[in-house]
Amino acid sequence: MMDADLVELSVLAEIVPSKEDMDRLNGIASRLIAKVRGYFRDNGLDVDVRLAGSFAKGSYLADQDFDLFMLFPTNMPRKEMENIGLKAGKDLINGQLVYSEHPYTTGYFEGIETDMVPCYHLKSTEHIVTAVDRTPFHTEYMNSHLTTEQKDQVRLLKKFMKGIGAYGAEQDSRGFSGYMCEVLIVKYGTFRKVLEACLKWKKGETIAVEKPGPRMKSALVVYDPVDPKRNAASSVHEDTLALFQRAAKAYLENPDIRFFFPRKRTPLDPGELEWICARKKTKLVSVMFDKPQNVVEDNLQAQLWRTQYALEKKFAEFEFKVVSAVHMLDDYRMTVVFELENDILSENHKHRGPPVKVKKASEDFKRHWKDNPAGEPFEEDGFWYVISPRHFRTATEFLEKETELAGIGRNVDPDTKVIYDHIQTLNAVDPGLLTDLLDPKDPWTI
């Protein structure tokens with residue numbers, strides 16, 4: 001068993017930028033700020049310019065980008081503020097517009113990926129106007145609360161979260177943001193103390209670094225130190241929380257560099273995947289949609305989760321039992337794969353009708369099923385039942401007819417769907433995705 005101090009020193013040696021890299025990035029950052037300030041000055045605009053994010057807090061990893069915030073006067077109309085900020089991004093970094101809750105531009109400055117974000121210059125977080133107005137306050141708070149040593153502890157926690165697959169507030173990861181990692185270090189002091197503390201968290205755990213805010217319902221509630229009305233952990237899904245707790249326990253028992261730098265898993269081949277299905281007596285079915293090219297990827301990830309959940313629920317309504325499901329978004333397609341107890345059902349099923357004591361509904365039910373080929377309606381446990389033919393017997397037919405009616409994501413176009421049965425899925429779907437579905441493993445165990 002490796003010593004935790006040795007593991008963490010080895011990790012820090014890999015992820016802390018060298019002095020040369022820091023000096024280079026600081027120089028580029030200074031030139032970026034000067035250029036943007038000059039742009040607004042030349043255009044006669046009173047706009048404060050600041051860097052935010054992990055670079056501005058000194059807790060960034062070796063791979064770094066810039067988050068540059070343009071703080072506009074509060075008396076400027078929001079649409080005007082956004083338009084001027086977006087034009088600045090286009091003019092200065094040839095930025096591409098990103099549509100999200102609050103639009104911004106993303107591009108490159110001297111080879112460094114840079115986001116330019118317009119927001120309001122507020123005195124406090126009492127009257128937040130846009131979703132990003134509190135971000136500069138996050139930077140100020142962390143710069144006044146994190147010591148130099150703790151910034152390395154933040155780096156360890158971030159890299160640990162990335163290694164185990166729990167990092168990022170985006171919809172595909174549903175995990176811990178960089179800011180959340182910083183908040184946890186402020187609260188508990190060190191990387192290892194965060195791991196020790198999380199083992200005691202219960203579902204719905206509430207944590208306050210400064211003062212608590214209103215009651216909130218979430219897998220984890222961490223009141224934002226600069227705005228207690230906000231849950232800084234709202235993105236953390238209960239599955240991700242469980243993963244973090246499982247990894248924390250495993251690391252504390254047996255520290256290993258693999259928690260930070262997991263090995264890449266070799267996907268199983270179709271024959272191995274089929275053997276697992278045969279052993280488990282399960283079947284696969286999948287559906288692919290064209291990926292729309294004009295929708296923000298984070299929004300598409302949210303819609304892909306919605307599509308997966310909606311189809312799982314619809315499968316259950318038609319008595320197909322879903323064992324597990326996964327999805328994937330690539331450059332051209334959106335894929336959802338289901339592992340089912342069976343992909344072909346019996347010809348008939350037992351259909352429940354109204355309660356016997358509801359006379360009008362009972363009469364209507366009996367009248368409707370009077371000439372049913374499989375038999376007359378019958379009473380059982382206070383309800384009417386009838387043996388009736390199924391609407392669909394196969395999972396592929398179900399997906400063909402019901403996908404559009406299931407409540408899938410708004411930008412998921414059912415007209416582009418391609419459906420694969422068990423054998424087709426084994427041969428057409430990404431083997432890495434199928435490996436994760438049929439033989440899931442924690443990253444640090446690979």
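Values below: all heavy atoms of this structure, side chains included; hydrogens, waters and symmetry mates excluded.
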So, taking the atom named [atom1] in [X] and the one named [atom2] in [Y], what distance separates them when rounded to the nearest 0.5 Å?
X    : Y    : atom1 : atom2 : answer
F244 : D239 : CZ    : CG    : 15.5 Å
L86  : M70  : CG    : CE    : 7.0 Å
W275 : D269 : CH2   : CG    : 12.5 Å
E238 : T240 : CD    : OG1   : 9.5 Å
M180 : S234 : CE    : OG    : 9.5 Å
T394 : D343 : OG1   : CG    : 8.0 Å

(request) Can you label the angle between the W201 ring and the Y188 ring as parallel, tilted or perpendicular, going by 30° and 60°? (result)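 Geometry flag for Y188 against W201: tilted rings.
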
(request) Measure up the F392 and F318 rings against each other and bin them: parallel (under 30°), tilted (30 to 60°), perpendicular (over 60°). (result)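 Tilted: the ring planes of F392 and F318 meet at 30° to 60°.
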
Counting N and O atoms only, with roles assigned by atom type, does the side chain of [X] sit under 3.5 Å from a partner on the main chain of [Y], one being a donor and the other an acceptor?
X    : Y    : value
R37  : V49  : yes
Q424 : D421 : yes
D65  : T114 : no
S324 : E339 : no
N26  : M22  : yes
R263 : R258 : no
E341 : K321 : no
D3   : D5   : yes
R410 : Q303 : no
R393 : L345 : yes

Does the side chain of [Y] come within less than 4.5 Å of [X]'s, by heavy atoms?
X    : Y    : value
V285 : F315 : yes
I408 : T403 : yes
L71  : P136 : yes
E205 : K200 : no
V183 : I207 : no
S54  : Q64  : yes
Y120 : H127 : no
I185 : K158 : no

(message) Between Y179 and Y141, is the ring-ring contact (aromatic ring centres under 6.0 Å, His included) condition met? List the steps.
(response) CA-CA 11 Å; Y179 178 62; Y141 182 88; 7.8 Å; no

(message) Ignoring hydrogens and geometry beyond distance, is a side-chain donor-acceptor pair present between E149 and Q153 at under 3.5 Å?
(response)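 Result is no, nothing qualifies.
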
(request) Ignoring hydrogens and angles, state whether a donor on the side chain of H422 or E274 is under 3.5 Å from an acceptor on the partner side chain. (result)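 Yes, side-chain donor-acceptor contact under 3.5 Å.
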
(message) Before we go on, tell me: are the rings of F191 and F160 under 6.0 Å apart, centre to centre?
(response)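 Between F191 and F160, the centre distance is under 6.0 Å.
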
(request) Please find out if less than 6.0 Å separates the ring center of F72 from that of F40. (result)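 That pair passes the under 6.0 Å test.
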
[X] atom [atom1], over 12 foreign heavy atoms within 6.0 Å:
X    : atom1 : answer
K417 : NZ    : yes
Q96  : CD    : no
E347 : CD    : no
R279 : CZ    : yes

[X] with [Y]: basic N within carboxylate O range, under 4.0 Å:
X    : Y    : result
D224 : R230 : yes
E253 : K249 : yes
R50  : E140 : yes
R192 : E196 : no
E319 : R390 : yes
R333 : D430 : no
E297 : K291 : yes

(request) Of all the heavy-atom pairs spanning G89 and M116, show the shortest one and how long it is. (result)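 Looks like CA-SD, 3.7 Å.
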
(request) Might you work through the side chain to side chain contact (heavy atoms under 4.5 Å, CB included) test for D256 and W444, ending with a clear yes or no? (result) CA-CA 8 Å; D256 196 290; W444 60 90; over 6 Å; no

(message) K187 vs K193, test: side chain to side chain contact (heavy atoms under 4.5 Å, CB included). Steps then yes/no.
(response) CA-CA 10 Å; K187 173 70 175 176; K193 283 183 179 175; over 6 Å; no

(message) Quick one, F289 with T307, criterion side chain to side chain contact (heavy atoms under 4.5 Å, CB included). Give me CA distance, side-chain angles, the key distance, then yes/no.
(response) CA-CA 11 Å; F289 307 92; T307 300; 4.2 Å; yes

(request) With side chain to side chain contact (heavy atoms under 4.5 Å, CB included) as the test, would you mind laying out the steps for R155 and Y60 before giving the verdict? (result) CA-CA 7 Å; R155 288 181 166 105; Y60 60 98; 4.3 Å; yes

